[in-house]
Asker: 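There's a structure below that I have some questions on.
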There are 2 protein chains.
Amino acid sequence: MDRKTATIQDVARVAGVSTATVSRTLSKPSVVAPATRESVLRAVADTGYRINTLAANLRRQRTGSVIALVPNLANPFFSQIFAGMSAVLTEAGLGLLVADTQTGTDPDDRLGYHLTSGNADGLILFDGTLSRDSLNVPGRPPVLLVSEWMEDDLPSITVDNRHGAALAVNHLAGAGHRAIGFLSGPPANVLTTERLAGYHAALSALGLIAHPDWILEGDFTMDSGAAAARRWMALPDRPTALFCASDEMAVGFMGAVHRAGLSVPGDISIVGFDNIEVAQHLTPGLTTIRQPRTIIGTRSAELLLDMIAAGSLSGPSEVIEVELITRASVAPPPTPG
Amino acid sequence: MDRKTATIQDVARVAGVSTATVSRTLSKPSVVAPATRESVLRAVADTGYRINTLAANLRRQRTGSVIALVPNLANPFFSQIFAGMSAVLTEAGLGLLVADTQTGTDPDDRLGYHLTSGNADGLILFDGTLSRDSLNVPGRPPVLLVSEWMEDDLPSITVDNRHGAALAVNHLAGAGHRAIGFLSGPPANVLTTERLAGYHAALSALGLIAHPDWILEGDFTMDSGAAAARRWMALPDRPTALFCASDEMAVGFMGAVHRAGLSVPGDISIVGFDNIEVAQHLTPGLTTIRQPRTIIGTRSAELLLDMIAAGSLSGPSEVIEVELITRASVAPPPTPG
DNA sequence: AACTGCCAAGTAATCGATTACATGGGCCTG
DNA sequence: CAGGCCCATGTAATCGATTACTTGGCAGTT
């Protein structure tokens, strides 16, 4: 019936107290006398009062939300991370706003916009292609860098990409492969450079060589994996095993190989990275490096909440461990001849 | 340097005008004299002023955001829809808050919370399992039901599930199949009932019968698809074709069939529903019914924006067409003997 | 009885914008 | 030249909470 919802004034009137008392009852009940508290709570129930977060946040100089800024919202890789983040943030009374850097104009502008808009108490940034200079804005909220970052002092959450690459390479070598290729992401991408570095390091440690032709370039998408497969098949001296920097590329690669009448793992063994859900349902099942995405999400939210609570732009960084998941896409190399 | 960001007062002082003029310059520039406008804009630039959305929204009695409430944030099906929604909402100056109904307690409570919290100017609801009664709260914002709804007068966006099912069945029948099964979602789910109805209708129209054993039950997940495959293989009289109510289940089904040494489409032809990205990279490529998810997202946002602008709880509903995508998972039935 | 101290509750300033209404100057018209 | 109008701008109330500061009452102490 009542179009407008009750305000704190209404509750105060009904309970016969001041608005200050109502506010206190709701935020720190311990400081109000039990009898008063009860009558306020009853008035709240009677009026159907809901706190107006906007007004509260304005007064408190906060926004009540955190923005997750991803390169591309349509990428399902993030959804599971969002779920973890959302659970933690909701618990803390914060909302999760999502936005991507591809809508509209320049990605760095988008970041700058969100940093200065004052729409968030904190930002979680997934896009490693953004310029670090964009973060130099006065009065910006705390920012946590996730996944695609490395090297510097800004608070971040990453996974151990080098170790993951080493796990993959060692597993392939363990199956008997000596010609192990790498399907990379975009060259400038940190995930690419880290996984590539891990790949090289692991090969050297094994005394194997990395032929430059064996490094194929993709962009993490399934389509780019399929394209890489066509290049691989055209190679005069094909590697017998391939470590793919993402499961998506591995899926595309396998699909294209099959379509060409070749077999995985008969003609080429494959290890992916991520452990996306479909990996275990493929034929053959995809051996891969698991990234614990829910944990990445929850830890990100937790670290950011700490920074927000501390009112600090700096905070700890964390490296999350990865794990080899063995399935059927790896077998000994084909016996020549 | 300055910890605090500039307020409208600062801009007014620098420009030598009143705050009203600054506000007007920013919101409806046409009503202020060009000279004044320019000096205000210069002052804005000089001070680095950013409008405080919280304060503006409080005054305007709106929140500046829309909540998308999905059953499960981790489900990648939604991410592409989010992308479409976000693009439209951002354009309109609104933020997209995401939340799921699984975190915390009772899903209906979660919906109720978001309806009354006053944190959103509108809600987009993807969870068809919620009770419609939950929407009966006074003073709630406009709500648009997406995808998992049917039948009533509330504004909604759906796809033509029956027609999609008919496309699938007709395609299978066209390849020569007479024993066509259906792999459903949860029985109570509207998508299930609609697609099942379409399946039955199409079979009748073709003069084919639907054997009850040929209706397998899943829950839209890959795992449930794999489980269904095991039940299918145990069937004394297996259908030679299967229409799956989701691509995810089709993926799981195909995987399990292959693992058992049978072949798709050699032993069974399959049509999915959704056209998820991986469908075209599977072996064989999955024939499926495409749902235009980006369009679902953009249209949802547009319809909701209309309702918000009109200040109305009601609005038009829309049915979005689906399309058959032909790939290699359908072939003529195996010749008996 | 007077004084001190403390606890619960009230008063009112404040967060930063928007906007209804008031004002004043310039121009046009008769 | 007086009257009326309009346009650009200023004044100040307002959105709905939080919270620093103040007040008043009661208990305990001497």
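A, B, ... follow the sequence lines: proteins, then strands. Residue 1 opens every chain.
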Asker: How would you label the contact of Ala20(B) with the nucleic acid (heavy atoms, under 4.0 Å): base, sugar-phosphate, or nothing?
Answerer: base
Asker: How far does OG1 of Thr158(A) sit from CD1 of Ile296(A), to the nearest 0.5 angstrom?
Answerer: 9.0 Å
Asker: Whole Å only: how far is the CD atom of Glu38(A) from the C1' atom of dA8(C)?
Answerer: 16 Å
Asker: Near DNA chain C, counting only heavy atoms under 4.0 Å, which residues of residues 7-17 of chain B show up?
Answerer: Thr7(B), Ile8(B)
Asker: What is the distance, to the nearest angstrom, from the CG atom on Asn57(A) to the C1' atom on dC15(D)?
Answerer: 14 Å
Asker: Could you report the tightest heavy-atom contact between Thr63(B) and Asn57(B), atom names first, then the distance?
Answerer: O-ND2, 3.1 Å
Asker: Would you name the heavy atoms of Leu303(B) and Pro316(B) that are closest together and state the gap between them?
Answerer: CD1-O, 3.9 Å
Asker: Closer than 4.0 Å, any side-chain N/O of Gln61(A) to the OP1 or OP2 of dT14(C)?
Answerer: no
Asker: Okay, side chain of Ser23(A), backbone of Thr19(A): is any donor-acceptor separation there less than 3.5 Å?
Answerer: no
Asker: Please name the pair of heavy atoms, one in Ser117(A) and one in Thr53(B), separated by the smallest distance, quoted to 0.1 Å.
Answerer: O-OG1, 3.8 Å
Asker: Choose from dT18(C), dT18(D), dA9(C) the nucleotide whose nearest atom is closest to any side-chain atom of Arg59(B).
Answerer: dT18(C)
Asker: For Tyr49(B) and dG16(C), is the shortest distance between a side-chain N/O and OP1 or OP2 below 4.0 Å?
Answerer: no
Asker: Using C1' atoms of five pairs at each end, report the bend of the helix from dA1(C)-dT30(D) to dG30(C)-dC1(D) rounded to 10 degrees.
Answerer: 50°
Asker: Rounded to the nearest 0.5 Å, what separation is found between the OG1 atom of Thr5(B) and the CG atom of Asn52(B)?
Answerer: 7.0 Å
Asker: Mind calculating the distance between CZ (Arg50(B)) and P (dA17(C)) to the nearest angstrom?
Answerer: 12 Å
Asker: Where do Ala12(B) and Ser18(B) come nearest, in terms of heavy atoms and distance?
Answerer: CB-C, 3.8 Å
Asker: Could you check Leu123(B), Asp127(B), Val137(B), Ile67(B) and say which one makes a side chain to side chain contact (heavy atoms under 4.5 Å, CB included) with Leu111(B)?
Answerer: Leu123(B)
Asker: Under 4.0 Å, heavy atom to any atom of DNA chain D: which of residues 21-29 of chain B qualify?
Answerer: Thr21(B), Arg24(B)
Asker: Roughly, in whole Å, what's the span from CG in Leu58(B) to P in dT18(C)?
Answerer: 11 Å
Asker: Mind checking if Arg62(B) touches a base, just sugar-phosphate, or nothing, with heavy atoms under 4.0 Å?
Answerer: nothing
Asker: Between the main-chain N or O of Ser86(B) and the side-chain N or O of Thr90(B), is there a donor-acceptor pair closer than 3.5 Å?
Answerer: yes
Asker: Base, sugar-phosphate, or nothing for Leu54(B), non-hydrogen atoms under 4.0 angstrom?
Answerer: nothing
Asker: Find which nucleotide of DNA chain D each of Arg37(B) and Arg60(B) is nearest to by heavy atoms, and output the residue with the more 5' nucleotide.
Answerer: Arg37(B)
Asker: Taking all non-hydrogen atoms of both residues, which atom of Ala99(A) and which atom of Arg110(A) are closest, and how far apart?
Answerer: CB-NH2, 4.5 Å
Asker: Give me the atom names and distance for the closest heavy-atom approach of Leu313(B) to Arg140(B).
Answerer: CD2-O, 3.4 Å
